[in-house]
Every structure is written in C-alpha cells, then in structure tokens.
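We number each residue from 1, following the sequence as shown. Nothing here was measured: the structure is a model prediction, and the numbers come from that model.
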Amino acid sequence: PHSDYHYAAELVRDIKSQGDFCIGGACYPEGHVEAANKTEDILHLKEKVEAGCEFLTTQMFFDNEKFYAFESRCRKEGINVPIIPGIKPIVFRNQLTVLPRVFRSDIPEPFAAELRKCKTDDEAKEVGVEWCIQQCKDLIAHGVPSLHFYTMMASESVRRVAKEIY
C-alpha cells in the first residue's frame with residue numbers, strides 16, 4: 001500500500017529483498033518537485049541507487065546542458081549507474097506552456113521562440129521533431145547509454161526521430 005513507503009528507496013529495498021530483480025529508478029535533471037533543493041534531490045537519488053537501482057531514467061527535458069550538469073552532480077556524489085535521458089518530441093503548440101508547468105521541464109528560449117512562431121499544431125510538430133533530432137544527436141555524441149522516448153501522443157514523431165538518429 002502507498003502508506004507503507006515514504007520514499008522510493010524503501011520500495012527498492014523491499015523489492016530487492018524479494019528476489020534478484022533488475023530495478024530502474026526515476027530521476028529529475030531539473031529537480032524533483034518535492035525536493036527542497038538540488039542537493040537534497042541528489043542525496044535521495046543516491047539512497048535509491050544504494051538501495052538497489054541499477055539504472056536511472058530521467059524525467060523529460062529539453063535542455064541538454066541541464067542534463068549534463070545533473071549527470072555531473074550525480075557522478076560527483078558517487079552515483080555511477082547508467083543514466084538514461086528521457087526525451088519527448090513536442091507535437092502540440094500548447095505543450096510550450098503545459099509541459100513546463102506539469103513536468104517542471106524548462107524549454108530553452110531558442111526552442112520556445114521557434115514554437116511561438118507556429119500557427120498550427122502541424123508546424124509545432126515539425127519544430128518539435130527537428131529539435132528532438134538535434135537533442136538526441138547531441139546526447140548520443142556525449143555517450144549516453146541509451147535514450148528513453150516518452151511517446152504519449154507522439155509515436156509518429158518518435159518514429160521519425162528514431163529513423164533519423166539510428
């Protein structure tokens with residue numbers, strides 16, 4: 001039950017005690033919504049990894065520099081498991097405001113400026129696909145272990161991105 005676990009590390013420890021499971025955990029390059037600050041966030045993440053998480057997958061983000069800074073903070077704290085970037089192509093104009101509010105993922109100003117120029121969702125989808133392609137190419141060039149695509153309402157765009165980068 002939800003009330004049995006106050007932190008993800010507790011759940012991870014419980015699962016690990018039940019058998020030899022491979023467990024991945026969530027992480028937040030721009031900070032967890034409930035963390036007081038980024039330092040606290042990294043310390044809780046480290047507890048999760050020490051409890052048995054073997055890899056981490058990030059919340060979606062659109063600014064690779066924030067991911068690289070987050071990855072660097074993790075490594076400095078001794079978090080050495082693979083960190084898989086979570087990527088989502090924007091496909092609707094309103095995602096310019098909805099995604100940052102709901103997921104606390106900032107959209108870099110150059111990307112936001114291009115999205116603001118879009119008059120239709122089809123135009124926004126094209127801008128979103130192109131940004132995502134360039135974002136993925138940069139991440140791959142920096143040696144990320146893999147990419148995780150958030151596909152909800154974006155499966156066709158993800159297919160286009162994957163075709164371009166692989």
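Rounding to the nearest 0.5 angstrom, the gap separating the CG atom in L11 from the CG atom in D4 is 10.0 Å. Expressed to the nearest 0.5 Å, how far CZ of R104 lies from CD of E30 amounts to 8.5 Å. Here CZ of F149 is found 5.5 Å from SG of C132. Values are rounded to the nearest 0.5 Å. To the nearest 0.5 angstrom, E130 atom CD is 15.0 Å from K125 atom NZ. Going from atom OG of S72 over to atom CZ of F67 covers 11.0 Å, rounded to the nearest 0.5 Å. Atoms CD1 and CD1, on I133 and I87 in that order, are 12.5 Å from each other to the nearest 0.5 Å.
Ion pairing of E54 with K16 is present here, as a side-chain N (NZ or NE/NH1/NH2) and a carboxylate O approach within less than 4.0 Å. Between E126 and R160 a salt bridge is recorded (basic side-chain N to carboxylate O distance below 4.0 Å).
Without hydrogens or angle criteria, E10 side chain to Y7 main chain gives a donor-acceptor distance under 3.5 Å. Not one N or O on the side chain of D63 forms a donor-acceptor pair closer than 3.5 Å with the backbone of P108. Between the side chain of K46 and the backbone N or O of E77 there is at least one donor-acceptor pair closer than 3.5 Å. Looking at S157, its side chain never comes within 3.5 Å of a backbone N or O of V129 through a donor-acceptor pair.
Residues G86 and T58 share a closest heavy-atom pair of N-OG1, 2.6 Å. Counting all heavy atoms, side chain and backbone alike, G31 lies closest to D41 at CA-OD2, 3.5 Å. Scanning both residues, V161 and C136, for their nearest heavy atoms gives CG1-SG, 4.0 Å. C118 and V127 get closest at one heavy-atom pair: SG-CG2, 3.7 Å. Closest of all the heavy-atom pairs between R73 and P29 is NH2-O, 3.6 Å. Of all non-hydrogen atoms in V81 and C53, the two that sit nearest each other are CG1-O, 3.7 Å.
Among residue pairs with one or both ends in residues 145-156, those qualifying as side chain to side chain donor-acceptor pair (under 3.5 Å) are E156-R159; sequence neighbours excluded.
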Which is it for T57 and C27 under the side chain to side chain contact (heavy atoms under 4.5 Å, CB included) test, yes or no, and what are the steps along the way? CA-CA 6 Å; T57 302; C27 60; over 6 Å; no
Decide side chain to side chain contact (heavy atoms under 4.5 Å, CB included) for L147 and I84; before the verdict, give the C-alpha distance in whole Å, the side-chain angles of both, and the deciding distance to 0.1 Å. CA-CA 6 Å; L147 296 169; I84 301 169; 5.6 Å; no
Walk me through whether E50 and R13 qualify under salt bridge (Lys or Arg N to Asp or Glu O under 4.0 Å). CA-CA 9 Å; E50 289 173 346; R13 273 191 289 281; over 6 Å; no
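Side-chain contact of Y68 with H142: a donor-acceptor pair under 3.5 Å is present, judged by distance alone.
Linking Ile, Leu, Val, Met, Phe, Trp and Tyr residues whenever their side-chain heavy atoms come within less than 4.5 Å leaves I107 and F70 in two separate clusters. Note on L139 and I83: same hydrophobic cluster, where clusters join Ile, Leu, Val, Met, Phe, Trp and Tyr whose side-chain heavy atoms are under 4.5 Å apart, directly or indirectly. Under the 4.5 Å side-chain heavy-atom criterion for grouping Ile, Leu, Val, Met, Phe, Trp and Tyr, Y166 is connected to V144 within one hydrophobic cluster.
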Tell me which donor-acceptor pairs under 3.5 Å the side chains of residues 88-100 have, and how far apart each pair is, sequence neighbours excluded?
residue: K88; atom: NZ; partner: M152; partner atom: O; Å: 2.6
residue: R93; atom: NH1; partner: K119; partner atom: O; Å: 2.6
residue: Q95; atom: OE1; partner: V91; partner atom: N; Å: 2.6
residue: Q95; atom: OE1; partner: F92; partner atom: N; Å: 3.0
residue: T97; atom: OG1; partner: N94; partner atom: O; Å: 3.2

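Residue E34 places its CD atom among 12 or fewer non-hydrogen atoms of other residues, nucleotides or ligands, all under 6.0 Å distant.
The aromatic rings of F62 and F111 sit tilted, their planes meeting at an angle between 30° and 60°. Y28 and H32 have perpendicular rings, their planes meeting at more than 60° on a 0 to 90° scale where under 30° would count as parallel.
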